[in-house]
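This report concerns only the one structure given below.
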Amino acid sequence: MPQISQIKNLWHLCPMFGGFPMTILPDIALTYDDVLLAPQFSDVASRKTLSVETRLTRKIKMQIPIVSSNMDTVTEAEMAITMAREGGIGIIHRFLSVEEQTAQITRVKKTESFVVDHPFALNMTHTVGDAKRVVDETGTGGILILQKNVVTAPANTTLANAEKILHEHRIEKLPLVDEEGRLAGLITLKDIMKQMQYPHATKDARGRLAVGAAVGVKPRDMERVECVLEAGADCIVVDIAHGDSKQEIEMLCNIRRRFPGAQIIAGNVATADGTKRLLDAGADAVKVGVGPGSICVTRLVAGSGVPQLTAVIHCVQVARDYDVPVIADGGIRHPGDAAKALAAGAETVMIGSLLAGTDESPGLLMTRKGHKYKASRGMASTAANRDRKERDGERVAQEDLDEYVAEGVEAAVPYRGKAREVLTQLVGGIQSGMSYSGAHNLKEFHEKAIFVRMTSAGLKESMPHDVEVL
Ligand code: XMP
C-alpha cells in the first residue's frame, strides 16, 4: 500500500461542511510531478530480471503494463499489432464505421495464430486459374492442394511437435487432419517463427494477437459491440468522457446482459465513488483519468477533474476490494510517470500522445522547421467532432462548429520512430522504478512504494539543469 507522507486520504471521511451548499475536500490532490518514489533497500541485481507481468481486466493477462489509447491518432490495426506483439494491447478507437472498426480487428486477428483454422484448399482437379482466383479474392498467401501423399499431423498436434515434423521433412506447412482424414487446420513455419520472435505477445486462446475495441453508449452502439466481439475483440472499452454517469452504467449493464462472457473496461472516472458504481455494474477493469491527457482541456473548459495520482490512488482503494484492475489513463509524459502510476496501484497505464508520435500511429507525419512531428488530437476536439459528424453523413455548418464546446485540442507531437522503442523506454523506466523501491514484481511495487511530496524547487532539481541539453 503506497504512502503519501504526511497526507491521509480523508476523501470518504470528509463530512459535508455544515450549512455550506457545496463541499471542499480537505486533501490537496496530487499528480505525478508532485511526488517522487523514495529510494529503498533493494536486492535487485539487474532491473531487466524484474517481472512487469500484469492484468488488463479480470481475465486478460499481459506481459507489459501498457495499453495504447483508443484515439484516432493512436490506435488502429498497425499500432494494435505492435502493442500485442510486445506484450501489451491496443484499443481500436470507435471513430470509424462499424464495418471499418470490425475490419481493423479482423486484420489484427489474422496477423498470426497457432493454427490457421480454415486454410484455403483446392484439389488436383482445379486449375492454376482457380488458384489465382482464390488468391485474388482472399489475399491468402498459400493454398493447400489436397492429395493423398502429403505429410500431415493430427488436429491436436502441439506447436513443439509440429516444429519437429516440419524440420524432419524439410517442409514449411503442416496440414492438420481429423480422425476421418478431413482437413482440420494448418500450422506454418512462419507462424512458429513469429512465436519465437515475439515470446511475450498478448494472445487469445487460439494464439491470435489480442486487441480491444472502444464503443460508445448510444443504443445503436450495441450493434457495434456485437460486430467487434464477433470479429474477435478480446475486450470492450465503454468509452465516454464522464464514465460516472447513467448512460455508461446502462450500457455496461446491457453489454453484460447480452454478452455475459465479454471483458468490459468502463470509464473514465476519477473518484472512489465513481469506481464503485462501475464495479457494482459489473466492470472487469476501470479506466481512471478525467483531464490529465496531453490533448485534454476538460479541466480548463469544465473546471472538472482530479489530479491523476490522487485519482488513481482513490480508485485503486475501491477496485482492490473487488479484485479488479485499474488502468491509469492519460498524463504519462515520461517513463517515471508510468512507474508512479503503477506504484500507486494501477495495473496498467494507457498512453496516447507518446505513441501518437510513432510510425505505427495513424496520424499524419509532418515537418516543421526541420523537425518531424505527427498529428495528435483530442477525441473531443472541434476537428474530431467535425470528422465524426461528416462520417455519419451529417452536413456540418460553421455555426455547428462555433457552438461545439471542445474539451480537446489538435496538436503536433514530436516524431519518435518505432512504437517498440517507446515501449522499451517505458518498460525500462518502470523496471528501474521498481528496482529503486526494492520490488521484484508489480504487486510488490504497489505494496512497498513510498511517495515523497516535493515542492516546485524539487521538481526543478529533478530536471536537467544548469547545462545545455544537446
Ligand atoms: P495522453 O496524455 O497519453 O492522454 O496523451 C491520452 C488520454 O487522453 C484522453 N483524451 C481526452 N481527454 N479531451 C479529454 O479531456 C479529449 O479530447 C481527449 N481525447 C483523449 C483519453 O483518455 C486518452 O487515453
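Reckoned from all heavy atoms, side chains included, excluding hydrogens, waters and symmetry mates. Counting convention: from 1, in listed order, for ligands and their atoms alike.
In this structure, D359 pairs ionically with K418, as a charged nitrogen and a carboxylate oxygen lie closer than 4.0 Å. With respect to D191 and R208, no salt bridge is recorded, no charged nitrogen being found less than 4.0 Å from a carboxylate O. For the pair E421 and R416, the salt-bridge criterion is not met [side-chain N within less than 4.0 Å of a carboxylate O]. One finds no salt bridge joining R277 and E248 here, because no Lys/Arg side-chain nitrogen approaches an Asp/Glu carboxylate oxygen to under 4.0 Å. Using a cut-off of 4.0 Å between Lys/Arg side-chain N and Asp/Glu carboxylate O, K109 and D234 are scored as salt-bridged. Classification of R55 and D323 as a salt-bridged pair holds, one side-chain N sitting under 4.0 Å from a carboxylate O. Taking the charged nitrogens against the carboxylate oxygens, R94 and D239 do have a contact shorter than 4.0 Å, which makes a salt bridge. Between R391 and D72, no side-chain nitrogen of the basic residue sits less than 4.0 Å from a carboxylate oxygen of the acidic one, so the salt-bridge criterion is not met. A salt bridge is defined here as a Lys NZ or Arg NE, NH1 or NH2 lying under 4.0 Å from an Asp or Glu carboxylate O, and D280 with K276 meets this definition.
Near I295, the atoms of ligand 1 lying under 4.0 angstrom from a non-hydrogen atom of the residue are 8 (O), 10 (N), 11 (C), 18 (C), 19 (N), 20 (C). Within the listing of ligand 1, atoms 1 (P), 3 (O), 5 (O) sit less than 4.0 angstrom from a heavy atom of S353. Listed by number with element, the atoms of ligand 1 under 4.0 angstrom from any heavy atom of E407 are 13 (N), 14 (C), 15 (O), 16 (C), 17 (O). If you number the atoms of ligand 1 from 1 as listed, the ones under 4.0 Å from a heavy atom of N268 come out as 22 (O). Against a heavy-atom cut-off of under 4.0 Å, T298 is close to the following atoms of ligand 1: 14 (C), 15 (O).
Checking only distances, I351 never comes within under 3.5 Å of ligand 1, N or O to N or O. Considering backbone and side-chain N/O atoms, C296 never comes within less than 3.5 Å of an N/O atom of ligand 1. For the pair G293 and ligand 1, the shortest N or O to N or O distance does not fall below 3.5 Å. In terms of N/O distances under 3.5 Å, ligand 1 is not approached by G330.
Here the shortest heavy-atom distance to atom 6 (C) of ligand 1, taken over A241, G305, S376, S69, belongs to S69. Compare G291, A356, S294 by their heavy atoms: the one nearest to atom 1 (P) of ligand 1 is in S294.
Using cut-offs of 30° and 60° for the angle between ring planes, the Y373 and H371 rings count as perpendicular.
For the ligand labelled ligand 1, residue G289 lies outside the 4.0 Å heavy-atom shell.
Atom 19 (N) of ligand 1 has as its closest protein heavy atom M379 N, 2.8 Å. Here the protein heavy atom with the shortest distance to atom 17 (O) of ligand 1 is A380 N, 2.7 Å. The closest protein non-hydrogen atom to atom 3 (O) of ligand 1 is G352 N, 2.7 Å. Counting only heavy atoms of the protein, atom 23 (C) of ligand 1 lies nearest to D329 OD1, 3.4 Å.
Under 4.0 angstrom from ligand 1, there are no non-hydrogen atoms of N70. Residue contacts with ligand 1 for R377 are absent, since no atom lies close enough (heavy atoms, distance under 4.0 Å).
When only modelled atom types and interatomic distance are considered, H440 and D43 share a side-chain donor-acceptor pair under 3.5 Å.
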